[in-house]
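A short write-up of the structure that comes next.
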Amino acid sequence: MASRVAAASAYLFVPANRPDRYAKALDSGADAVIVDLEDAVALPLKEQARATLAQWIRDNGPQPRLWVRVNAADTVWHADDVAGFAALPLAGIVLPKAEDPKAVGAIAARLPQGSGVIALIETATGLADMRQIARVPGVARLAFGSIDAQVDLGMQCGPEEEELLHLRVEMVLASRLAGIAPPVDGVTTAFDDEDFLAKMVLRARRLGFGAKLCIHPKQVAGVKQGFMPTPAELAWAREVMTAVRASDGGAISLNGKMIDRPVIMQAEKFLHQAGELQD
């Protein structure tokens, strides 16, 4: 579960009340699909959407790449959402407005082995407690609900959300301290602007995020490419590993720079992402 989750970089949302889009989303190239029972579904349609999605899963068998975003813990739909999907063969449950580590743990405890929880951090309380949330057994990843967070905090951010930079760094730190996969960055709403998306993915990768939420299939390819090592990084990683093999256990240098264990680990990570190095 952990390695599969960590390898996923593009998480594509699809509305739960659009069953005609489930299979299309899974065929879009996205590493994972989040079927959304929360924001994407109008209030009168939530129960029908839940029943439709559950039946589709039962009809189509195990879905190891499919996550379900349930309604938040303080809503009337939450308990039935969790009960309806906890035992189904899915990647797991995405919990919006995750705030209470005990509530997160209660959901995780109901999931079968191989499934997990993605805790969507999008409120002041969630941000304050995300180190504790990340440590809850069964939490696979944190994800940043940057738009909702702005509303909850009363912030008015620019297009690049520079005002949220420190919160993103804290989320990366919380994930690392908990020993879980790097977090999932929030959505970019301008789904027709490839250059802007590439810029936002590059920033996320540089900060230590490992994935990004997508609101449109058009974003999937750009997100996946953005989290892959560049040709220059791959060339550097190959040179590092060649120098390591030639060192015969002695001191290692490359282009006048010493190569220590952290540098080797970074090179191995690049080569692993590119499929040139196996676990």
Side-chain angles (χ1 to χ4, degrees), residues 1-13 30-39 62-75 78-79 81-146 148-149 152 164 167-187 204 207-214 227:
M1 172 70 176
S3 60
R4 184 177 74 244
V5 170
S9 61
Y11 287 74
L12 176 62
F13 279 113
D31 300 302
V33 169
I34 302 173
V35 184
D36 185 16
L37 285 165
E38 193 207 19
D39 289 345
Q63 300 295 324
R65 293 167 47 230
L66 191 146
W67 298 79
V68 175
R69 177 160 77 168
V70 299
N71 287 282
D74 61 352
T75 68
H78 175 77
D81 286 350
V82 174
F85 295 100
L88 293 181
L90 307 171
I93 286 177
V94 177
L95 178 64
K97 299 177 178 61
E99 296 182 337
D100 181 3
K102 291 183 179 179
V104 176
I107 295 173
R110 299 183 63 174
L111 301 180
Q113 185 175 5
S115 297
V117 174
I118 292 178
L120 191 53
I121 306 297
E122 48 190 345
T123 66
T125 301
L127 288 161
D129 292 339
M130 60 184 166
R131 290 193 186 185
Q132 289 72 36
I133 293 170
R135 290 191 177 99
V136 172
V139 170
R141 264 183 147 152
L142 301 180
F144 191 24
S146 55
D148 284 74
D152 192 62
L164 300 178
L167 298 178
R168 285 184 158 94
V169 172
E170 282 295 321
M171 186 168 291
V172 171
L173 181 58
S175 300
R176 183 67 187 92
L177 289 172
I180 61 175
V184 185
D185 200 12
V187 301
L207 287 175
F209 282 79
K212 186 172 177 64
L213 300 171
C214 303
F227 280 103

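This one's a predicted model, so the numbers in the text were calculated from it and none came from an experiment.
The shortest distance between side-chain heavy atoms of Pro96 and Asn71 does not fall below 4.5 Å. The closest side-chain heavy-atom distance from Leu127 to Phe144 is below 4.5 Å. The side-chain heavy atoms of Asp39 and Arg69, taken from C-beta on, include a pair separated by under 4.5 Å. In this structure the side chain of Val82 reaches within 4.5 angstrom of the side chain of His78, judged on heavy atoms. Pro182 has its side chain out of reach of Phe209: every pair of non-hydrogen atoms, C-beta onward, lies at least 4.5 Å apart. Using a 4.5 Å cut-off on side-chain heavy atoms (C-beta onward), Asp148 and Lys97 make contact.
Within the model, atoms CE of Met130 and CD of Glu122 stand 13.0 Å from one another, a figure rounded to the nearest 0.5 Å. The line from CE of Met171 to CG of Leu164 is 10.0 Å long, rounded to the nearest 0.5 Å. Taking CD1 from Ile118 and CG from Leu95, the interatomic distance works out to 11.0 Å, rounded to the nearest 0.5 Å. To the nearest 0.5 angstrom, Trp67 atom CH2 is 9.0 Å from Arg141 atom CZ. Here the straight-line distance linking atom OG of Ser146 with atom CG of Leu120 works out to 9.5 Å at 0.5 Å rounding. Atoms CZ and CG, from Arg168 and Leu207 in turn, are 7.5 Å apart once rounded to the nearest 0.5 Å.
The minimum heavy-atom distance linking Arg131 with Ala174 is given by the pair CG-CB, 3.8 Å. Between Leu88 and Gly84, the shortest heavy-atom contact is CD1-O, 3.4 Å. Val172 and Gly208 get closest at one heavy-atom pair: CG2-C, 3.8 Å. For Ala124 against Asp152, the heavy-atom pair with the smallest separation is N-OD2, 2.7 Å. Considering every non-hydrogen atom in both Ala108 and Gly138, the closest pair reads CB-CA, 4.0 Å. Contact between Ala98 and Ile133 at its shortest, heavy atoms only, is O-CD1, 3.7 Å.
When atom types are taken as modelled, the side chain of Asp185 and the backbone of Lys212 share no donor-acceptor pair closer than 3.5 angstrom. A donor-acceptor pair is defined here as one N or O able to donate and one able to accept, closer than 3.5 Å; such a pair exists between the side chain of Arg65 and the backbone of Ala30.
When each of Leu213, Ile93, Leu12 is tested with Ile34 by the rule side chain to side chain contact (heavy atoms under 4.5 Å, CB included), just one qualifies, namely Leu213. Under the side chain to side chain contact (heavy atoms under 4.5 Å, CB included) test applied with Ser175, the options Leu142, Val184, Val139 reduce to a single match, Leu142.
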- Start with the C-alpha gap between Val187 and Phe13, add the side-chain angles, then the distance that decides, and say whether side-chain contact (heavy atoms from CB on, under 4.5 Å) holds. CA-CA 10 Å; Val187 301; Phe13 279 113; 4.2 Å; yes
